[in-house]
2 protein chains.
Amino acid sequence: MKPVTLKEIADQLNISVTTVSKALKDYPDISKKTKALVKELAQTLNYKPNAFAVNLRTKESKTIGLIIPEIVHHFFSSVIKGIVAQAEKKGYLVIILQSNESYELEKKQIQLLLRQRVDGILISLANGTADYNHLTDVLAQDKPLVMFDKIAKLVKCSKVIIDDRKAAYVATQHLIDTGCKRIAHFRGALLPQNSIDRFLGYKKALLDNNMPYDPSLVYICECGDNSFEEGKMNARQLLKDHKDVDGIFINTDLVAIGAITEFNEQGVKIPEDIAVVGFSNWFMSSVISPSLTTIDQPGYEMGKAAFKQLYKEMQQVKNKEAIVYKDIVLETGLIKRQSTKEVLLGEV
Amino acid sequence: MKPVTLKEIADQLNISVTTVSKALKDYPDISKKTKALVKELAQTLNYKPNAFAVNLRTKESKTIGLIIPEIVHHFFSSVIKGIVAQAEKKGYLVIILQSNESYELEKKQIQLLLRQRVDGILISLANGTADYNHLTDVLAQDKPLVMFDKIAKLVKCSKVIIDDRKAAYVATQHLIDTGCKRIAHFRGALLPQNSIDRFLGYKKALLDNNMPYDPSLVYICECGDNSFEEGKMNARQLLKDHKDVDGIFINTDLVAIGAITEFNEQGVKIPEDIAVVGFSNWFMSSVISPSLTTIDQPGYEMGKAAFKQLYKEMQQVKNKEAIVYKDIVLETGLIKRQSTKEVLLGEV
DNA sequence: GTTCATTTCGAAATCGTTTTCGTTAATCAA
DNA sequence: TTGATTAACGAAAACGATTTCGAAATGAAC
């Protein structure tokens, strides 16, 4: 019933615990005969080293913590999958926690993970997080911390991101290239870096094309939950406020889908009356009608890259080297679908 | 740099480690004065008990394992969220692993979790899993194991499920009530219990309504990945094989969405020519056009219930009581949307 | 037969807590 | 004064593994 220990194996073979331990780890000072004996018995008894004991000695937990704002989310669940897959390959287990976009929770969870003595932490920040003491705490303990997607530029640690600004620029440029003259932007919440960068990309694209930037065309959502309803609401408001808008660049696919639904219901033609570009390439976007032109945001790869970087840093800590921080920027692409028109050839 | 230990606190206060430990845990044989001193110093030094040491002593890890076939999946990510939320409330951490629908991986992961000495395991079986020795291994160690959604009826442990059979019956009955005369079924893979039960519900509904059961109308997919493409493929095949089918009950929403997409592309009218009912109520289903009538499968609640049951059993083990297994069946509901017609009133 | 090297094993310390069982000193009753 | 009681603390043994440092046994070399 009780798990088998080294001692039990030792007793059964009339040798010491030391010898058993060494035999299992192929120490050179143990004879081949005893090694064989030990390994066989360990096998038949189904011996599994007690992770706590090992970790206590070696100061390694082979475990990392992962904090994300929301689990039920196409992009984030892809990231989780990438992380978990990569971690398992390297023999690491992943403890997952959801911050619910709450700063307070996030802080508590970091403490939890530190107490659990995880070897490293992967985090995508909550929208509400503006103070970074809980993060610098981690770094002060020489514990690797890698931020991904929703990051804080000010914190000195590795980051895995996409170039939100550039991607937003490309998205907006596509609207312009397909003939849109007056382009709105749904930017979601105010704070997170992504929101800021995407907005800046949108703005720059306008200016680079000698189109006026009109703040009243930028819809901010205090709630900032990037929801389907947010999209519907904003779309409804837009139709009231600005009849002349013929293109929208939207922060997140889900919001874009909300907007499209509203437009569909109100009989607004997409892309003829209004063209729409989303962001993230949720699976859903390929399936709705009209299908959504969007920016591909590689969640799985991001998770993979984030873990790889964390792993590198964990190795550095292990070898008592200094941690080398790195900013990793993943490529994105524009996925053209039905919600935008064809690119004009003659003009421009 | 190194984490603070009891010993450091003890040294600073010139008392013993024992006293520090007791003071922090409010033992009655420590004076109020020392307690105050200890607690204060612990606070300022930011002391966090070493989880390994604690676990090694107490034989409790306050950690559970979770194995699911696929993380990027609306239903499963809802389940994860329910589990993680509930676990955190009770002070448990969740280690998440993805079996990728592979029996071999599932087996390895169980071993991993046992070695990690988790206090309990939550699992939704891989499609390929037909042998249950790895599961009975867990139970033999008196370690609580709760299965959810994709279960093995033969394994003696607690299970959290929905009544797939009944739900499928309701779905099929709805097609019949809305006037469908010849109803097909896309059942996905052959093996998993859900697939079987949903098929049986479908069949029973037909028979109870004196409609012939025609095996050629049941589409099985060897690949069994419940994918969008599977839906498109099956739909294409169906249109070739059976021009007279006017309703389909489909195993999973995603497959149903694939089918709908194919029908849309081929100009088949939904629900006039063919009515469609899905299963699971993915968010997507409310958003596509036409929106999909489906069965609501409460993922979050299932996760919550699964953890609650696991928690109960972990308490039982702690109190050296016998584990009481329980089958928990969650309610489902039919969500009527545009992919099926209105219920006929006059007839039947 | 002595010396030295090599092979093979074990004793013991250690990781950081928890908990049992004493021990000491102070207090109180008689 | 003596004995019993109580309050407050500590020594030490776990938990299960790892690793350092020796020790014993064997063989080789002279």
Side-chain angles (χ1 to χ4, degrees), chain A residues 1-39 41-42 45-63 91 114-119 141 317-318, chain B residues 1-39 41-42 45-63 91 114-119 141 317-318:
Chain A
M1 213 97 302
K2 297 272 143 224
V4 186
T5 68
L6 287 186
K7 187 160 184 321
E8 289 180 51
I9 298 183
D11 287 350
Q12 284 202 34
L13 293 177
N14 262 321
I15 55 180
S16 77
V17 172
T18 308
T19 308
V20 177
S21 172
K22 286 182 177 173
L24 288 174
K25 308 194 82 193
D26 266 329
Y27 271 58
D29 64 345
I30 302 294
S31 71
K32 288 187 179 171
K33 210 168 60 179
T34 16
K35 275 185 190 173
L37 278 173
V38 169
K39 284 180 180 173
L41 186 57
L45 291 184
N46 195 16
Y47 167 77
K48 289 190 204 69
N50 182 316
F52 302 145
V54 176
N55 296 343
L56 184 58
R57 266 293 310 214
T58 62
K59 309 257 186 189
E60 252 199 312
S61 70
K62 288 285 185 179
T63 291
L114 287 179
R115 153 182 310 216
Q116 192 70 15
R117 301 293 195 271
V118 294
D119 293 336
Q141 292 192 24
V317 168
K318 213 166 153 182
Chain B
M1 210 99 304
K2 296 272 142 224
V4 186
T5 66
L6 288 185
K7 186 161 185 321
E8 290 181 49
I9 299 183
D11 287 350
Q12 286 203 33
L13 294 176
N14 262 322
I15 55 179
S16 77
V17 172
T18 308
T19 306
V20 176
S21 171
K22 285 182 179 173
L24 288 174
K25 310 193 81 192
D26 267 329
Y27 271 56
D29 63 346
I30 303 294
S31 72
K32 287 185 180 174
K33 207 168 61 178
T34 19
K35 276 185 190 173
L37 279 173
V38 169
K39 285 180 180 173
L41 186 57
L45 291 184
N46 195 15
Y47 167 77
K48 291 191 202 67
N50 183 316
F52 301 145
V54 176
N55 296 343
L56 183 59
R57 265 292 311 210
T58 62
K59 310 254 185 191
E60 250 198 314
S61 70
K62 287 285 185 181
T63 290
L114 287 179
R115 151 180 315 214
Q116 193 71 14
R117 302 293 196 270
V118 294
D119 293 336
Q141 291 191 26
V317 167
K318 212 167 155 183

J.: Can you name the residues that form a salt bridge (charged side-chain N to carboxylate O under 4.0 Å, His left out) with Lys59(B), not counting sequence neighbours?
T.: none

J.: Partners of Lys48(B) by salt bridge (charged side-chain N to carboxylate O under 4.0 Å, His left out), sequence neighbours excluded?
T.: none

J.: What residues, two or more places apart in sequence or in another chain, satisfy salt bridge (charged side-chain N to carboxylate O under 4.0 Å, His left out) together with Asp29(A)?
T.: Lys22(A)

J.: Let me know the distance between OH of Tyr27(A) and P of dG10(C), rounded to the nearest Å.
T.: 16 Å

J.: With a 4.0 Å heavy-atom cut-off, tell me which residues in residues 49-58 of chain B come close to DNA chain C, sorted by residue number.
T.: Pro49(B), Asn50(B), Ala53(B), Val54(B), Arg57(B)

J.: Suppose we screen for salt bridge (charged side-chain N to carboxylate O under 4.0 Å, His left out). Which residues come up paired with Lys35(B), at least two apart in sequence or across chains?
T.: Asp26(B)

J.: Residues two or more places apart in sequence or in another chain: which of them pass side chain to side chain donor-acceptor pair (under 3.5 Å) with Thr63(A)?
T.: none

J.: Using the C1' atoms of the five pairs at each end, what is the angle between the end axes of the helix from dG1(C)-dC30(D) to dA30(C)-dT1(D), to 10°?
T.: 70°

J.: Return the polar atom pairs (N/O with N/O) between nucleotides 5-9 of chain C and the protein under 3.5 Å, or none.
T.:
unit_1: dC9(C); atom_1: OP1; unit_2: Thr34(A); atom_2: OG1; d: 3.4
unit_1: dC9(C); atom_1: OP2; unit_2: Ser31(A); atom_2: N; d: 2.9
unit_1: dC9(C); atom_1: OP2; unit_2: Ser31(A); atom_2: OG; d: 3.1
unit_1: dC9(C); atom_1: OP2; unit_2: Thr34(A); atom_2: OG1; d: 2.8
unit_1: dC9(C); atom_1: N4; unit_2: Asp29(A); atom_2: OD2; d: 2.8

J.: Thr34(A): what forms a side chain to side chain donor-acceptor pair (under 3.5 Å) with it, not counting sequence neighbours?
T.: Ser31(A)

J.: Enumerate, atom names and distances included, each donor-acceptor pair closer than 3.5 Å involving a side-chain atom of residues 8-16 of chain B, sequence neighbours excluded.
T.:
unit_1: Asp11(B); atom_1: OD2; unit_2: Lys7(B); atom_2: NZ; d: 3.1
unit_1: Ser16(B); atom_1: OG; unit_2: Thr18(B); atom_2: N; d: 3.4
unit_1: Ser16(B); atom_1: OG; unit_2: Thr19(B); atom_2: N; d: 3.2
unit_1: Ser16(B); atom_1: OG; unit_2: Thr19(B); atom_2: OG1; d: 3.0

J.: Using side chain to side chain donor-acceptor pair (under 3.5 Å) as the criterion, list what pairs up with Lys25(B), not counting sequence neighbours.
T.: none

